[in-house]
**Student:** 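Here it is, the structure in full.
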There are 2 protein chains.
Amino acid sequence: MSKRKPTSTNSINREKLIDFCGMMYAVDMLGGRWKLIILYKLEKKTLRFSELKKIIPGITDRMLTLHLQELERDGLVERTVYAEVPPRVDYRLTASAQALIPIWQQLEQWGVAHKQCREERDS
Amino acid sequence: MSKRKPTSTNSINREKLIDFCGMMYAVDMLGGRWKLIILYKLEKKTLRFSELKKIIPGITDRMLTLHLQELERDGLVERTVYAEVPPRVDYRLTASAQALIPIWQQLEQWGVAHKQCREERDS
DNA sequence: TATGAGGCACACAAAATTGTAAGTAATGAG
DNA sequence: CTCATTACTTACAATTTTGTGTGCCTCATA
């Protein structure tokens with residue numbers, strides 16, 4: 001995630017593809033198993049680390065940390081640290097990320113609908 | 001991709017999450033580096049294997065094959081084989097996949113816009 | 001003095017994804 | 001008979017992503 005060997009063919013290809021079209025770029029920013037969920041959860045309100053952890057079943061501290069760091073680096077979430085003890089840190093969507101709201105809403109809807117189709121077909 | 005150990009924590013978590021919300025399901029179907037691009041390229045017309053390969057820079061035979069197989073299995077593309085020699089096979093979007101068109105269009109737009117912001121900021 | 005909370009960091013391990021190189025089948029052209 | 005074509009498949013290797021477990025800090029509370 002944060003450690004890609006920059007000399008690998010993998011990375012080189014990725015660079016090329018990111019230039020190639022906006023969607024590749026978007027996929028690169030939002031790809032991974034947790035990012036969209038994290039953003040989605042932040043849609044309605046600012047949340048603390050521990051709150052995110054609670055409402056995203058299955059995510060570990062490490063994954064949450066890593067993804068939040070990348071999201072911050074990529075300008076999708078804003079991190080605020082309060083000088084308290086025990087520490088308090090919260091996360092909110094940036095304007096860039098807010099522009100994605102309709103996208104993940106549609107995706108969520110599609111997911112629900114398509115999942116049902118599938119289940120009916122498979123039964 | 002096609003080989004996940006079904007007993008791994010990873011898989012177990014994934015199963016749970018897929019039930020958890022439609023978006024997780026969607027991410028699982030569309031995740032990976034190439035799927036959205038493939039679908040995107042099929043948006044306007046049916047394409048053959050070799051045509052896809054030509055217009056998706058950097059993709060290898062293997063990746064294209066694997067992803068197309070999964071997309072087919074997941075009901076997103078339809079595969080047609082013509083009994084010719086040399087073989088001809090083409091791929092088209094299913095109705096399910098067509099429902100995603102607006103989503104990837106927006107994603108592409110967002111990508112282009114956000115990429116520009118970034119480049120300006122980084123310069 | 002011991003404990004706990006909150007938000008991580010770090011080392012290590014496992015698993016998933018992606019890439020590379022080679023080969024297959026059928027057939028028509030030369 | 002040899003070669004080119006097309007859509008793959010297979011074995012293997014590299015890279016990336018994800019998970020596990022432990023530890024740190026700082027102060028209020030028991």
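Each chain gets a letter, A, B and so on, in the order the sequences are listed, and its residues count up from 1.
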**Student:** Output the rounded distance in Å from NZ (B/K53) to P (D/dC8).
**Tutor:**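 After rounding, the reported distance stands at 11 Å.
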
**Student:** When clusters are formed by joining ILVMFWY residues with side-chain heavy atoms under 4.5 Å apart, either directly or through shared neighbours, do A/V112 and A/W104 land in the same one?
**Tutor:**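 A/V112 does not cluster with A/W104.
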
**Student:** Does any residue of residues 43-50 of chain B have a heavy atom under 4.0 Å from DNA chain D, and if so, which ones, in number order?
**Tutor:**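 Residues of residues 43-50 of chain B under 4.0 Å from DNA chain D: B/R48, B/F49, B/S50.
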
**Student:** Which residues, if any, of residues 78-88 of chain B bring a heavy atom under 4.0 Å of DNA chain C?
**Tutor:** B/V85

**Student:** Using a cut-off of 4.0 Å on non-hydrogen atoms, how would the nucleic acid contact of B/E51 be classed: base, sugar-phosphate, or nothing?
**Tutor:** nothing

**Student:** Could you state the CD1-P distance from B/I56 to C/dG19, rounded to the nearest angstrom?
**Tutor:**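 Distance, rounded to whole Å: 12 Å.
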
**Student:** To the nearest angstrom, how far is A/D61 atom CG from D/dT20 atom P?
**Tutor:**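 Interatomic distance, CG of A/D61 to P of D/dT20: 11 Å.
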
**Student:** Roughly how many Å is it from CG in A/L66 to P in D/dT18, rounded to a whole number?
**Tutor:** 9 Å

**Student:** Can you tell me the distance, in whole Å, between the CG atom of B/D90 and the P atom of D/dC8?
**Tutor:**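 Atom CG in B/D90 sits about 10 Å away from atom P in D/dC8.
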
**Student:** Would you indicate whether A/F49, at its atom CZ, is surrounded by more than 12 heavy atoms from other residues, nucleotides or ligands within a distance under 6.0 Å?
**Tutor:** yes

**Student:** With sequence neighbours left out, what residues match A/W110 under side chain to side chain donor-acceptor pair (under 3.5 Å)?
**Tutor:**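 Testing A/W110 for side chain to side chain donor-acceptor pair (under 3.5 Å), a comparison that skips the adjacent residues, returns none.
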
**Student:** For D/dT17, does OP1 or OP2 lie under 4.0 Å from any side-chain N or O of A/H67?
**Tutor:** no

**Student:** Return the value, rounded to whole Å, for the distance between atom CG of A/D28 and atom C1' of C/dT17.
**Tutor:**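 Between C1' of C/dT17 and CG of A/D28: 14 Å.
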
**Student:** Given C/dC8, is OP1 or OP2 found less than 4.0 Å from the side-chain N or O atoms of A/Q69?
**Tutor:**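 Answer no for this pair, as no side-chain N or O of A/Q69 is under 4.0 Å from OP1 or OP2.
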
**Student:** Considering only side-chain heavy atoms of B/M63, which listed nucleotide, C/dC12, D/dT9, C/dT18, is closest?
**Tutor:** C/dT18

**Student:** Answer yes or no: is there an ion pair linking B/E70 with B/K35, defined by an N-O contact shorter than 4.0 Å?
**Tutor:**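 Yes, charged N to carboxylate O under 4.0 Å.
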
**Student:** Ignoring hydrogens, what is the shortest heavy-atom contact between B/K53 and B/D61? Give both atom names and the distance.
**Tutor:** NZ-OD1, 2.7 Å

**Student:** Same cluster for B/V81 and B/L52 if Ile/Leu/Val/Met/Phe/Trp/Tyr side chains link at under 4.5 Å?
**Tutor:**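 Yes.
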
**Student:** Is there a continuous path of hydrophobic side-chain contacts, each under 4.5 Å between heavy atoms, that joins B/V89 to B/V85?
**Tutor:**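 Looking at the clustering, B/V85 is in a separate group from B/V89.
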
**Student:** Would you indicate, yes or no, if C/dG7 has its OP1 or OP2 atom less than 4.0 angstrom from a side-chain nitrogen or oxygen of A/R62?
**Tutor:** no

**Student:** Separation of A/E70 atom CD from D/dT17 atom P, in whole Å?
**Tutor:**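 Rounded to whole Å, this separation is 8 Å.
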
**Student:** Looking only at side-chain atoms of B/T60, point me to the closest of C/dT20, D/dT18, C/dA9.
**Tutor:** C/dT20

**Student:** Short question: side chain of A/S96, backbone of A/L76 - any donor-acceptor pair under 3.5 Å?
**Tutor:**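 No: the side chain of A/S96 does not pair with the backbone of A/L76.
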
**Student:** Round to the nearest Å and state the distance from B/L64 atom CG to C/dG19 atom P.
**Tutor:** 12 Å

**Student:** For residues B/E43 and B/Q105, is any side-chain donor paired with an opposing acceptor at under 3.5 Å?
**Tutor:**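 Per modelled atom types, B/E43 and B/Q105 side chains form a pair under 3.5 Å.
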
